[in-house]
Amino acid sequence: MGFSIALIVFSLLLMLLVLMHKGKGGGLSDMFGGGMQSSVGGSSVAERNLDRITVVIGLLWFASIVVLGILMKTNS
């Protein structure tokens, strides 16, 4: 039961984080400083942190799916 709730929470967080990423025309990340371009080039600190958080939540989402699959296989 706990992994099902974790999967729902991770899914909602992942959707929110993906929507916050800047696309071609800008995104919700502009509201949090992601729209400012650094003078060195590349992405800003906020955008890189958003990328890192999205990857971590994505890995946790994947791990919870694997755990739920293993639990369902062993319980049946």
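These values consider heavy atoms only, across backbone and side chains, with no hydrogens, waters or symmetry-generated copies.
Note: the hydrophobic cluster containing V18 does not contain L60 (ILVMFWY, side chain heavy atoms under 4.5 Å, direct or indirect links). I65 and F10 fall within a single hydrophobic cluster, where Ile, Leu, Val, Met, Phe, Trp and Tyr side chains are chained together by heavy-atom contacts under 4.5 Å. Cluster membership for L71 and W61, using ILVMFWY side-chain heavy atoms within less than 4.5 angstrom, is shared.
Residues in residues 62-72 take part in no side-chain hydrogen bond (donor to acceptor under 3.5 Å, both in side chains) pair, two or more places apart or across chains.
A distance of 10.5 Å separates CG in L68 from CG in N75, rounded to the nearest 0.5 Å. Within the model, atoms CG of L19 and NE2 of H21 stand 10.5 Å from one another, a figure rounded to the nearest 0.5 Å.
For the side-chain contact (heavy atoms from CB on, under 4.5 Å) with S11, the qualifying choice from V9, I8, L7, L14 is L7, the only one to do so. Each of I53, I57, V56 was evaluated against L13; a single residue qualifies, I57, per the side-chain contact (heavy atoms from CB on, under 4.5 Å) test.
Side-chain contact check for T54 versus M20: every heavy-atom pair is 4.5 Å or farther apart. In this structure the side chain of L12 never reaches within 4.5 angstrom of the side chain of L16, judged on heavy atoms.
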